Q: 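Handing you this structure, nothing more for now.
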Amino acid sequence: MQRNARIFVAGHRGLVGGAITRRLQAEGYDNLLLAGRDSLDLRDRDSVEAFFTQHKPEYVFLAAAKVGGIHANNTYPADFLFQNLQIQNNVIDAAYRHGATKLTFLGSSCIYPKLAPQPLKEEYLLTGPLEPTNEWYAIAKIAGIKLCQAYRRQYGFNAISLMPTNLYGPGDNFDLNNSHVLPALIRKFHEAKLRGDAEVVMWGTGTPRREFLHVDDLADAVVQLTRTYEGEDIVNIGVGEDISIRELTELVKDITGYPGAIVSDTSKPDGTPRKLMDVSRLHALGWQARIGLREGIEQTYRWFLEHQADVRG
Ligand SMILES: NC(=O)C1=CN([C@@H]2O[C@H](COP(=O)(O)OP(=O)(O)OC[C@H]3O[C@@H](n4cnc5c(N)ncnc54)[C@H](OP(=O)(O)O)[C@@H]3O)[C@@H](O)[C@H]2O)C=CC1
Ligand SMILES: C[C@H]1O[C@H](OP(=O)(O)OP(=O)(O)OC[C@H]2O[C@@H](n3cnc4c(=O)[nH]c(N)nc43)[C@H](O)[C@@H]2O)[C@@H](O)[C@@H](O)C1=O
């Protein structure tokens, strides 16, 4: 990937797209194509076609998607399935037809069966039923993986698919209903501390286990693998360690300095009991996470404090 290559980061205002953009800029890539949803709605095939005709990106990072936590996934199944299929179909097909050198597609750990053995190996894809709260999103992501594989087999298009674990970091969505657990907890504890609330609500039982990767680590892995990995097989991107939601809640409480109690709302879904990535393929490709969870949450909390006025949600 030459420093002056035309690189389209789709979704550059999001958590992941923002981190990939920062990473590329820090490495001196100075020909980034950064059209936001206001000027380019990726659900619209004609607009995507016009964009690719005009700009002919050589590299495409597909980090635009309809994204949300367990509640959003469960509440808007049609949006998660249809919009994600539209975005990825339009972008992957246009990238191929307009001669892109490479496309990097991002899936998610939720593509694996709900009760798959742990840690989750890449070959467990399509071996069992999905978690019901996010099966719509997972089906779209699986279709994206398969589209990349099919275009590689039939047309020789160099599309790779990377599967990040749960992510967090600067630029996250801090909406209390639609975000993922980590930004939601940061905001809940911070606001409860300011208001002097006696308790903070943790959704579900606290027993599910999740793995969390800082988005700057993710961006590092995505850029490295885009440079070095060419293959049909998907690659997990994670840390290889997990934590229970109860332990995570205690950790965020400690970092934010909230003195009150934690209570469970068991009317909210737990989702998948455990999602721990097997990262042997990733390690064999020469990449390992660097940012520890406590350090990463502390840094994200500082970012939240500095940007509260413009956080999403
Ligand atoms: N966050 C996580 O924990 C994980 C994320 N991933 C994957 O990483 C990718 C990025 O996720 P993340 O950064 O967290 O999500 P965000 O919601 O933070 O960002 C998504 C981006 O996509 C853009 N977008 C959405 N719809 C459209 C559209 N119709 N046209 C143009 N742009 C659009 C959004 O624009 P706008 O701001 O205008 O809405 C936003 O910039 C996704 O593929 C997701 O599946 C994978 C695993 C975990
Ligand atoms: C990345 C991944 O993200 C989603 O899956 P998820 O991992 O289940 O997502 P989550 O971060 O929202 O929740 C993790 C756990 O945490 C608990 N929990 C406690 N308290 C809060 C809370 O306040 N907010 C949220 N959101 N969850 C909470 C919550 O009940 C659950 O047990 C997918 O839909 C899918 O889209 C996907 O790929």
Side-chain angles (χ1 to χ4, degrees), residues 9-21 34-44 47-48 51 61-75 79-80 83-84 86-88 90-91 105-112 130-138 140-141 144 161-169 171-189 200-213 215 218-219 222 237-238 244-246 248-249 252 262 264-275 277 312:
V9 183
H12 74 283
R13 293 192 184 123
L15 172 69
V16 171
I20 293 173
T21 301
L34 303 175
R37 185 208 290 258
D38 39 349
S39 61
L40 173 58
D41 187 334
L42 297 169
R43 293 171 298 178
D44 181 50
S47 303
V48 174
F51 178 84
F61 291 89
L62 183 37
K66 171 81 180 162
V67 176
I70 193 165
H71 175 75
N73 271 267
N74 212 13
T75 310
D79 292 351
F80 275 82
Q83 293 188 24
N84 284 319
Q86 284 180 304
I87 293 169
Q88 66 205 33
N90 288 341
V91 174
F105 174 70
L106 294 174
S108 162
S109 55
C110 72
I111 57 155
Y112 293 112
L130 298 163
E131 154 62 28
T133 56
N134 59 34
E135 64 176 323
W136 323 93
Y137 175 75
K141 290 291 179 187
S161 294
L162 308 177
M163 298 305 117
T165 191
N166 289 38
L167 305 169
Y168 71 98
D172 210 340
N173 171 11
F174 289 83
D175 184 278
L176 290 176
N177 284 317
N178 294 326
S179 71
H180 292 102
V181 60
L182 233 171
L185 290 176
I186 288 176
R187 180 165 170 186
K188 281 184 187 179
F189 281 116
V200 161
V201 175
M202 173 189 72
W203 292 358
T205 60
T207 56
R209 298 184 70 83
R210 295 288 183 274
E211 174 183 352
F212 295 93
L213 178 71
V215 73
L218 185 266
V222 167
I237 305 198
S244 77
I245 294 300
R246 162 64 71 173
L248 178 79
T249 308
V252 179
I262 296 167
S264 309
D265 176 359
T266 51
S267 71
K268 294 284 195 301
D270 270 345
T272 310
R274 193 174 187 197
K275 278 192 286 185
M277 292 295 216
R312 296 182 284 162

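Just so we're clear, the structure is a prediction, and the values are computed from it rather than from any experiment. Counting starts at 1 for both ligands and their atoms, following the listed order.
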Q: Tell me which one of V181, N84, L106, L40 gets a heavy atom nearest to atom 31 (C) of ligand 1.
A: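 Answer by nearest heavy atom: L40.
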
Q: Looking only at protein heavy atoms, which one is nearest to atom 29 (N) of ligand 1, and how far off is it?
A: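 For atom 29 (N) of ligand 1, the nearest protein heavy atom is D41 OD1, 2.9 Å.
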
Q: Give the contacting part of W203 toward ligand 2: side chain, backbone, both or neither, where contact means a heavy-atom distance below 4.0 Å.
A: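 The answer is both, backbone and side chain.
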
Q: Return yes if a side-chain donor-acceptor contact under 3.5 Å exists between T205 and D270, otherwise no.
A: yes

Q: Which atoms of ligand 2 have any heavy atom of K188 under 4.0 Å away?
A: 22 (C), 23 (O)

Q: Under the side-chain contact (heavy atoms from CB on, under 4.5 Å) test against L182, which residue among N166, L248, D172 passes?
A: L248

Q: Could you list which atoms of ligand 2 come closer than 4.0 Å to a heavy atom of I245?
A: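 By the 4.0 Å cutoff, the relevant atoms are 15 (C), 16 (O), 17 (C), 19 (C).
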
Q: Under 4.5 Å between any side-chain heavy atoms of F174 and S179, yes or no?
A: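 They are not in side-chain contact.
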
Q: If hydrogens are left out, which of V67, N178, I70 has an atom nearest to atom 9 (O) of ligand 2, that is, the closest non-hydrogen atom?
A: I70

Q: Run the numbers for me: atoms of ligand 2, each under 4.0 Å from some heavy atom of D270, listed by number.
A: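 Answer for ligand 2: 31 (C), 32 (O).
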
Q: Can you tell me the protein heavy atom closest to atom 30 (N) of ligand 1 and the distance?
A: L42 N, 2.9 Å

Q: May I ask you to identify the nearest protein heavy atom to atom 9 (C) of ligand 1, giving residue, atom name and distance to one decimal place in Å?
A: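 Nearest neighbour among protein heavy atoms for atom 9 (C) of ligand 1, to 0.1 Å: A63 O, 3.9 Å.
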
Q: Could you find the nearest protein heavy atom to atom 26 (N) of ligand 1 and give me its residue, atom name and distance?
A: R37 NH2, 3.2 Å

Q: Between P183, P164, G17, which one has a non-hydrogen atom sitting closest to atom 47 (C) of ligand 1?
A: P164

Q: Give a yes or no answer on whether the side chain of K188 reaches the backbone of V201 with a donor-acceptor pair at less than 3.5 Å.
A: yes

Q: Give a yes or no on whether the backbone of C110 and the side-chain of E131 come within a donor-acceptor separation of less than 3.5 Å.
A: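 Flag not set: sc E131 to bb C110 has no pair under 3.5 Å.
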
Q: Just to check, does K141 reach to within less than 4.0 Å of ligand 2 when the distance is taken from its heavy atoms?
A: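 Contact check K141 vs ligand 2: negative.
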
Q: If you measure from each heavy atom of T165 to ligand 1, is any distance below 4.0 Å?
A: yes

Q: Any sub-3.5 Å donor-acceptor pair from N90's side-chain atoms to L42's backbone N or O?
A: yes

Q: Under 3.5 Å, N or O to N or O, is G14 touching ligand 1 that way?
A: yes

Q: Looking only at protein heavy atoms, which one is nearest to atom 26 (N) of ligand 2, and what is the separation?
A: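 Scanning the protein heavy atoms, the shortest distance from atom 26 (N) of ligand 2 goes to S179 O, 2.9 Å.
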
Q: Would you say R210's side chain and T165's backbone share a donor-acceptor pair under 3.5 angstrom?
A: no

Q: Considering heavy atoms of the protein only, find what lies nearest to atom 1 (N) of ligand 1 and give residue, atom and distance to 0.1 Å.
A: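 Looking at atom 1 (N) of ligand 1, the protein heavy atom closest to it is H180 CE1, 3.5 Å.
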
Q: Among all protein heavy atoms in this structure, tell me which lies nearest to atom 16 (P) of ligand 1, with the distance rounded to 0.1 Å.
A: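 For atom 16 (P) of ligand 1, the nearest protein heavy atom is R312 NH1, 3.8 Å.
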
Q: What is the nearest protein non-hydrogen atom to atom 45 (O) of ligand 1, stated with its residue, atom name and distance?
A: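 Checked against all protein heavy atoms, atom 45 (O) of ligand 1 sits closest to Y137 OH, 2.3 Å.
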
Q: Going by the atom numbers of ligand 2, which of them fall below 4.0 Å from some non-hydrogen atom of P269?
A: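 The list of qualifying atoms is 29 (C), 30 (O).
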
Q: G68: heavy atom below 4.0 Å from ligand 2, yes or no?
A: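 Yes, G68 has heavy atoms under 4.0 Å from ligand 2.
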
Q: Among all protein heavy atoms in this structure, tell me which lies nearest to atom 2 (C) of ligand 2, with the distance rounded to 0.1 Å.
A: K275 NZ, 3.6 Å

Q: Any N/O of H71 closer than 3.5 Å to an N/O of ligand 2?
A: no

Q: Looking at ligand 2, does E131 have a heavy atom less than 4.0 Å from it?
A: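 Judged by the 4.0 Å heavy-atom criterion, E131 does not count as contacting ligand 2.
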
Q: Looking at S108, which atoms of ligand 2 are within less than 4.0 Å of one of its heavy atoms?
A: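 Under 4.0 Å from S108, ligand 2 has these atoms: 37 (C), 38 (O).
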
Q: What part of A72 sits under 4.0 Å from ligand 2 if we count only heavy atoms: the side chain, the backbone, both or neither?
A: neither

Q: Given L15, I111, L167, V9, which one has a non-hydrogen atom that is nearest to atom 4 (C) of ligand 1?
A: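 Considering heavy atoms of L15, I111, L167, V9, the nearest to atom 4 (C) of ligand 1 sits in L167.
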
Q: So, taking the atom named CG in D175 and the one named NE2 in H71, what distance separates them when rounded to the nearest 0.5 Å?
A: 9.0 Å

Q: Any heavy atom of T272 sitting closer than 4.0 Å to ligand 2?
A: no

Q: If you count the non-hydrogen atoms of other residues, nucleotides and ligands that lie under 6.0 Å from CH2 in W203, is the total more than 12?
A: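 Atom CH2 in W203 is packed in, count exceeds 12.
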
Q: As an exercise, identify every atom of ligand 2 less than 4.0 angstrom from a heavy atom of G69.
A: 12 (O), 34 (O)

Q: Does at least one non-hydrogen atom of R210 fall below 4.0 angstrom from an atom of ligand 2?
A: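 Right, R210 reaches ligand 2.
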
Q: Work out whether the distance between some heavy atom of K141 and some atom of ligand 1 is less than 4.0 Å.
A: yes

Q: Going by the order shown, which atoms of ligand 2 are within less than 4.0 Å of some heavy atom of A184?
A: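 That gives atoms 22 (C), 23 (O), 24 (N) of ligand 2.
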
Q: I'd like to check whether G271 has a polar contact with ligand 2, where a contact means an N/O of the residue lying under 3.5 Å from an N/O of the ligand.
A: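 In fact, backbone or side chain, G271 has no N or O that close.
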
Q: Is it the case that ligand 2 has an N or O less than 3.5 angstrom from some N or O of Y137?
A: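 N/O-N/O distance under 3.5 Å: no.
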
Q: Judged by atom type as modelled, is there a donor-acceptor pair below 3.5 Å linking the side chain of K66 to the main-chain atoms of N73?
A: no

Q: Of N134, D265, V181, T205, which has the heavy atom at the shortest distance from atom 18 (N) of ligand 2?
A: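 Going through N134, D265, V181, T205 one by one, V181 has the nearest heavy atom to atom 18 (N) of ligand 2.
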
Q: Return the closest protein heavy atom for atom 8 (O) of ligand 1 as residue, atom name and distance.
A: V16 CG2, 3.6 Å

